[in-house]
Amino acid sequence: MSLSDAFATTVYPPFPVSRPRRLRASPLLRSLVRETELRVDHLILPLFVRPGKGVRREIPSMPGHYQLSIDVLVEEVGAARDLGLHAFILFGIPESKDARGSSALREDGIIAEALRALRHAYGSDVLLITDECFCEYTDHGHCGLLQRRGSGWDVDNDATLSLLAEQCVLHARAGADIVAPSGMLDGMVAAIRKGLDTAGFSHVPILSYAVKYASAFYGPFRDAAESPPQFGDRSTYQMDPANAAEALREAALDVAEGADLLMVKPALAYLDIIRLVKDRFGLPTAAYNVSGEYAMVKAAAARGWLDERRITLEILTSIRRAGADLILTYHARDVARWLQQG
Ligand code: PBG
């Protein structure tokens, strides 16, 4: 039964018998009746990896986040673990890019190497998630192979599927615990499931970016991952922000193709979609509190216009309240620290 169904069948006596303020009278009382909990084990920290040694390159639009070489990444993950964070999603900035994104499929590619280093350092005490897409590896910045379409170019959906499956198998072999395809290609979950199963990775779950909108909130990420499209935009594969029924169709397809977890992205402007997807499918549901959402809070907080701690906890609590089980967020370290302090 959904929340609104419950209210339809309950009769509340009017004021002055009912006085909702009775249950708000003290901190202990409020905490007794609090409905939504935000815990550190709900959080997934995104990290950016690049080649080199000792590299810690600032990302100006995402204060507190850096492109890290693998040695520094290992230290960062160790520090995050000390804060109680155990789940990480990795994004790679490769040595070189080409039209096919071939560096994504190299055995010694940046993400494969990072996975091996982290697994070696922390064994099963970390949960490693890999973002599976080609936009960080292609010189044109689109999420797959391109084909001519009319007078321009478009992502070649079906030709990209087998490459995506290959990328996932490579990462599973290198130690990924969960693969997370983010390209919004039709049929991607089925292709990846088949590829993983055939290669002996039937135990590796798929977290599908099932409902991903063509959003302006990804701006800072594209600086961080050096992945902005060099021409056009992503609206031939990512969803129109105006659509909700389509989100349910997208999610239904991914469920049917074998997705183990569903993601909605971005989060804050799409809380209604999180609720719809959670209620309809009941799968573990993730929300991506994306780079632009993070940058807005950081920018306003830096000017003293918002209380960073309160606003961040309020935002993440609202994402949980909307139905998200898991939250991918750049605030994860700060939140872990705040929750530790109580
Ligand atoms: C790759 C990918 C993107 C993000 C996550 N995976 C960028 C995009 O689709 O353009 C965005 C994450 C963020 O903004 O924090 N396809």
Side-chain angles (χ1 to χ4, degrees), residues 43-49 59-67 88-94 97 101 103-104 110-111 129-138 140-146 155 157 160 163-164 167-168 171 176 178-186 188-189 192 206-241 250 262-270 286-299 312 315-316 319 324 326-333:
L43 306 180
I44 298 168
L45 174 66
L47 294 165
F48 298 95
V49 202
I59 303 166
S61 52
M62 299 176 68
H65 281 265
Y66 302 82
Q67 295 178 343
F88 304 92
I89 183 162
L90 303 178
F91 296 95
I93 298 106
K97 305 192 184 207
S103 57
I110 185 73
I111 292 296
I129 306 170
T130 46
D131 181 87
E132 305 290 351
C133 193
F134 286 91
C135 59
E136 292 136 62
Y137 305 92
T138 52
H140 45 74
H142 282 283
C143 297
L145 296 176
L146 293 183
V155 168
N157 190 88
T160 303
L163 301 181
L164 204 49
Q167 186 185 33
C168 291
H171 292 158
I178 299 178
V179 295
S182 67
M184 285 299 280
L185 298 187
D186 295 338
M188 68 181 186
V189 173
I192 291 168
I206 299 174
L207 162 58
S208 180
Y209 285 69
V211 182
K212 177 172 175 181
Y213 288 91
S215 170
F217 283 103
Y218 308 149
F221 173 94
R222 291 177 187 174
D223 295 340
E226 301 178 9
S227 65
Q230 297 304 305
F231 58 87
D233 58 27
R234 302 207 203 290
S235 46
T236 66
Y237 38 106
Q238 299 180 348
M239 278 181 51
D240 182 338
E250 277 284 2
L262 297 173
M263 193 196 300
V264 174
K265 176 185 173 190
L268 200 47
Y270 299 87
Y288 202 140
N289 174 223
V290 300
S291 57
E293 301 172 51
Y294 176 79
M296 290 195 304
V297 169
K298 284 288 179 182
T312 302
I315 287 171
L316 296 185
I319 295 169
L326 317 168
I327 306 175
L328 297 86
T329 178
Y330 302 97
H331 296 289
R333 269 181 299 236

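As the structure is a computational prediction, the values presented were derived from the model and not from experiment. Counting convention: from 1, in listed order, for ligands and their atoms alike.
Contact of the Phe134 side chain with the Cys143 side chain is not registered, since no non-hydrogen atoms from C-beta on lie closer than 4.5 Å. Side-chain contact check for Lys212 versus Pro266: every heavy-atom pair is 4.5 Å or farther apart.
With sequence neighbours excluded, the residues that form a side chain to side chain contact (heavy atoms under 4.5 Å, CB included) with Ala332 are Leu43, Leu45, Leu85, Thr329. Under the rule for a side chain to side chain contact (heavy atoms under 4.5 Å, CB included), the partners of Pro94 that lie at least two apart in sequence or sit in another chain are Lys97, Ser103, Tyr137.
Listed by atom number, the atoms of ligand 1 under 4.0 Å from Lys265 heavy atoms are 2 (C), 3 (C), 4 (C), 5 (C), 6 (N), 11 (C), 12 (C). The contact set between ligand 1 and Tyr288, taken as ligand atoms under 4.0 Å from a residue heavy atom, comprises 12 (C), 15 (O). Within the listing of ligand 1, atoms 12 (C), 13 (C), 15 (O) sit less than 4.0 angstrom from a heavy atom of Tyr330. Annotation for ligand 1: atoms under 4.0 Å from non-hydrogen atoms of Arg234 are 8 (C), 9 (O), 10 (O). Those atoms of ligand 1 with a heavy atom of Phe91 less than 4.0 angstrom away are 5 (C), 6 (N). Short contacts between ligand 1 and Cys135, defined as distances under 4.0 Å to a heavy atom of the residue, involve ligand atoms 1 (C), 16 (N).
The backbone N or O of Pro228 lies less than 3.5 Å from a partner atom in the side chain of Gln230, making a donor-acceptor pair. In this structure, the side chain of Thr160 does not engage the main chain of Gly144 through any donor-acceptor pair within 3.5 Å.
Within the 4.0 Å heavy-atom cutoff, Met184 does not count among the residues contacting ligand 1. Put simply, no part of Glu293 is less than 4.0 Å from ligand 1, judged by heavy atoms. Contact analysis leaves Tyr294 out of contact with ligand 1, as no non-hydrogen atom separation drops below 4.0 angstrom. Residue Gly183 places no heavy atom under 4.0 Å from ligand 1.
Of all protein heavy atoms, the one lying nearest to atom 14 (O) of ligand 1 is Ser291 OG, 2.7 Å.
Nearest to atom 10 (O) of ligand 1 by heavy atom, out of Met62, His65, Met263, Arg222, is Arg222. Counting only non-hydrogen atoms, the option in Glu136, His142, Lys212 that gets closest to atom 2 (C) of ligand 1 is Lys212. Distances from atom 6 (N) of ligand 1 to the heavy atoms of Asp131, Asn289, Leu328 show the closest one on Asp131.
The six-membered or imidazole ring of Tyr288 lies away from that of Tyr218, with a centre-to-centre distance of 6.0 Å or more. With ring centers used as reference points, Tyr213 lies under 6.0 Å from Tyr270.
Taking the six-membered ring where tryptophan is involved, the planes of Tyr237 and His142 are perpendicular, since the angle between them exceeds 60° and thus also 30°.
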